[in-house]
**Student:** 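Got a structure for you, written out below as structure tokens; questions coming shortly.
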Amino acid sequence: MSGWDLVTLAAELDQAPLASPLSEALAIAVIADVLRSGGVRPPSVAEWQALVAGARRGPTVLRFDLRREQLGVVAHALQSTSLGAATEAALRASPPTDPTAALEEFLGAVFPLTAEMIRSNRFRREEMLRRWASTWRAAIAGETAAASTERLGQIDYRKALVEYERAEKARVEEAAKRAEALRLAQEAEAAARGWRE
Amino acid sequence: VRPLGPPLRIKRRTAWELAHRPRLDEIGAGLRRLAAQADEDAARQELDRALRAAVAVLPRSPYYAACLRQHGVAVGDLRGLADLTALPMLDRAAYRSAWDALPTGDLAGAVVVKSSGSTGEPVSVVREPFEQLHMWGVLGFWLTQLGLTLPPRPRIVLLDPLPSALEYSVRVRVVGDGRGALHRLSLLHPRVRERLERADPAVIFGDPVGLHWWGRVRPRARPKLLLTSAQHFAPTDRAVISDPVVNYYATTETGPLAWECLTTAGVFHVLAPDVWLESVAGELVVTRLRPTVVPLLRYRTGDRGHVARHACPCGFHGWSIHGLDGRHACAFVRPDGASVDAWQLAALFKQVALDAFQLEQTARDRFVLRALPFADEPRLLADLDEALRRLGWTARTIARAPVAPPVGAKPEPFRRSFA
């Protein structure tokens with residue numbers, strides 16, 4: 001089964017660290033070039049502005065502030081690894097009907113990922129690459145479509161954030177109880193032990 | 001003999017232990033299962049499952065929740081041991097400052113204990129009720145592994161050479177037939193040999209100093225098993241004792257980690273699936289896999305060694321530590337020429353707020369304590385003086401140097417600088 005070799009792509013990214021963030025204009029130019037090379041008309045200037053500003057949907061400021069650096073990370077990967085050629089091939093094989101909507105979908109899916117997370121955490125890098133592949137309907141080498149979907153579900157950082165926020169809320173509610181339990185633990189009698197550590 | 005340091009409160013009611021017996025038996029069964037598992041893939045699969053269960057609770061720990069978010073790690077990322085490298089390591093200094101943010105929740109019945117202070121930086125460690133008993137489950141594993149069985153009403157003795165001279169007796173309901181007793185006997189009290197023979201223990205926990213005493217005095221008692229920890233136990237020490245001796249490696253923060261093979265000296269078998277050990281740049285890094293209220297992932301022990309899987313001639317299958325280099329051994333020399341293990345004094349330092357210290361013997365009757373000024377200084381110096389007297393220094397001087405001890409790769413809290 002052919003498809004994107006994520007191991008190779010990750011290794012190439014390791015070899016090409018991002019020294020400084022790409023400007024918004026340069027990132028857009030790089031992505032637009034790849035789209036054109038893949039036979040797809042890139043978004044218009046106004047559409048890019050809307051994509052970066054996140055005007056279509058979404059409530060949080062953070063989500064849209066991150067879009068510039070997310071586009072910068074993608075552009076860097078397209079420019080410095082075989083991701084660019086792989087993306088062009090995927091675009092030719094399965095041209096998107098609305099590339100702007102596809103990009104919006106991608107940015108919506110990676111909304112919590114920062115450039116630093118993608119640089120330093122192999123799972124977030126894998127998530128970014130898989131979401132980019134999913135955006136352009138590219139297969140992952142050695143995986144069935146179902147396996148790729150399952151893996152994407154496993155490493156979905158959005159789900160983790162929901163879980164962390166739920167846990168945080170519970171912790172805040174139980175903070176006083178926890179502090180009291182710790183105080184009692186410090187005053188408690190120690191169990192008699194017959195060993196040394 | 002007056003105990004040194006503040007009084008301890010000992011939990012004498014032990015009926016609560018019974019509720020934990022099934023889980024302690026599971027601990028023993030898990031250790032036996034992994035020790036007999038020759039198939040590495042099957043062993044790894046079991047450890048991967050244990051890891052997934054251990055990390056599932058991380059969002060409930062304030063420390064780990066912040067850590068996961070800071071590093072963009074999702075719990076679902078950590079599917080197996082190979083994924084652990086996505087997490088940063090936790091060092092002793094970070095543990096020391098975040099000890100109360102580590103627990104995930106239910107702290108009913110928990111106690112806070114302090115590490116021995118052997119590196120000069122005592123660490124507070126939260127112990128839930130099960131963790132207070134966990135070692136009894138490991139003892140069950142060792143007994144089975146060595147083909148030993150306990151007699152009815154087993155007596156267990158902690159043979160204690162520490163200058164604190166603490167003694168107590170309590171019932172132990174989770175060992176053997178559940179009708180056992182634990183006696184802590186101090187070597188500094190009179191008639192210890194007679195009292196030990198009267199106890200006729202089935203198991204003796206001690207350290208190299210206690211076992212030296214055992215080998216020298218040879219009490220009329222035949223324990224099934226002796227155990228030692230805390231300091232270096234040399235093969236020559238083992239040779240003078242005819243009964244089986246388990247030399248185990250443990251820290252207060254992690255619990256027991258490994259035990260020295262009785263067939264191949266210097267090889268420590270890892271207590272999987274309770275724990276997983278990595279060797280990172282030669283340093284042993286611990287992940288606790290058994291479910292606990294205090295999760296511990298990638299904890300840097302500060303001890304050195306490398307970990308490899310092998311089938312040992314003793315019949316053990318699994319991972320073992322080779323070249324374990326823990327605390328630096330240090331023997332002080334008494335005026336009469338006898339060697340005394342300096343680490344016996346470590347317990348005194350755990351009771352004071354002290355960032356780092358070094359006690360150096362500069363002459364047979366002279367010591368220097370290096371540490372920045374700290375509270376309770378007079379009390380510690382008085383306790384040290386009394387401890388040295390009890391250990392055989394009839395005349396001694398402890399000079400005080402109010403400076404930080406030298407910084408090395410590993411703290412050296414006890415040092416002797418003369419031949």
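Sequence lines set the chain letters: A, B, ... in the order given, protein chains first and strands last, and positions in each chain run from 1.
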**Student:** Taking all non-hydrogen atoms of both residues, which atom of Ala167(A) and which atom of Pro59(B) are closest, and how far apart?
**Tutor:**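 It is CB-O, 3.3 Å.
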
**Student:** For Pro129(B), is it the side chain, the backbone, both, or neither that has a heavy atom closer than 4.5 Å to a heavy atom of chain A?
**Tutor:**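 Neither; nothing under 4.5 Å.
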
**Student:** Where is the tightest heavy-atom contact between Ala110(B) and Ala188(A), given as atom of each residue plus distance?
**Tutor:**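 Of all heavy-atom pairs spanning Ala110(B) and Ala188(A), the closest is O-CB, 3.8 Å.
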
**Student:** Tell me the closest heavy-atom pair linking Arg69(B) and Tyr164(A), and the distance in Å.
**Tutor:**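 Closest heavy-atom pair between Arg69(B) and Tyr164(A): CG-CD1, 3.4 Å.
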
**Student:** Once you round to the nearest 0.5 Å, how far does CG of Asp100(B) lie from CZ of Arg183(A)?
**Tutor:**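 The distance works out to 14.5 Å.
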
**Student:** Report which part of Leu68(B) has an atom under 4.5 Å of a heavy atom belonging to chain A: side chain, backbone, both, or neither.
**Tutor:**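 Both parts, backbone and side chain.
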
**Student:** Within a strict 4.5 Å, meaning less than it, do heavy atoms of the Met117(A) and Val73(B) side chains meet?
**Tutor:** no

**Student:** How many angstroms lie between atom CD of Glu127(A) and atom CG of Asp77(B), to the nearest 0.5 angstrom?
**Tutor:**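 The CD atom of Glu127(A) sits 8.0 Å away from the CG atom of Asp77(B).
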
**Student:** Could you tell me which of Arg124(A), Glu116(A), Arg166(A) has the largest number of non-hydrogen atom pairs under 4.5 Å with chain B?
**Tutor:**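 Of the candidates given, the most pairs with chain B belong to Arg124(A).
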
**Student:** Side-chain contact test, heavy atoms from C-beta onward, threshold under 4.5 Å: evaluate it for Asp83(B) versus Arg122(A) and give yes or no.
**Tutor:**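 Yes, side chains in contact.
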
**Student:** Indicate the atoms forming the closest heavy-atom contact of Arg171(A) with Pro62(B), along with that distance.
**Tutor:** CD-CG, 3.6 Å

**Student:** Answer with side chain, backbone, both or neither: which region of Asp106(B) has an atom nearer than 4.5 Å to a non-hydrogen atom of chain A?
**Tutor:**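 No part of it gets close to chain A.
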
**Student:** Arg158(A) versus chain B, heavy atoms under 4.5 Å apart: side chain, backbone, both or neither?
**Tutor:** neither

**Student:** Quick check on Leu182(B) against chain A: is it the side chain, the backbone, both or neither that has a heavy atom closer than 4.5 Å?
**Tutor:**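 Leu182(B) touches chain A through side-chain heavy atoms alone.
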
**Student:** Which atoms of Thr104(B) come close to chain A, meaning under 4.5 Å heavy atom to heavy atom: side chain ones, backbone ones, both, or neither?
**Tutor:**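 It is the backbone, since no side chain atom gets that close.
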
**Student:** Side chain, backbone, both or neither: which part of Arg178(A) has a heavy atom under 4.5 Å from chain B?
**Tutor:**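 For Arg178(A), heavy atoms of backbone and side chain both lie under 4.5 Å from chain B.
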
**Student:** Would you say Asn121(A)'s side chain and Gly72(B)'s backbone share a donor-acceptor pair under 3.5 angstrom?
**Tutor:**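 The answer is yes, because a donor-acceptor pair under 3.5 Å joins these two groups.
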
**Student:** If I measure from the heavy atoms of chain A, does Val75(B) come under 4.5 Å with its side chain, its backbone, both, or neither?
**Tutor:** both

**Student:** Taking side chain as C-beta onward, heavy atoms only, is Arg151(A) less than 4.5 Å from Arg79(B)?
**Tutor:**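 Result yes, sub-4.5 Å side-chain heavy-atom pair found.
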
**Student:** Got more than 12 heavy atoms from elsewhere within 6.0 Å of CZ, Arg137(A)?
**Tutor:**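 Atom CZ in Arg137(A) is not crowded, with 12 or fewer foreign heavy atoms closer than 6.0 Å.
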
**Student:** Could you check whether atom CD of Gln15(A) has more than 12 heavy atoms from other residues, nucleotides or ligands sitting under 6.0 Å from it?
**Tutor:**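 Atom CD in Gln15(A) is not packed in, count stays at 12 or less.
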
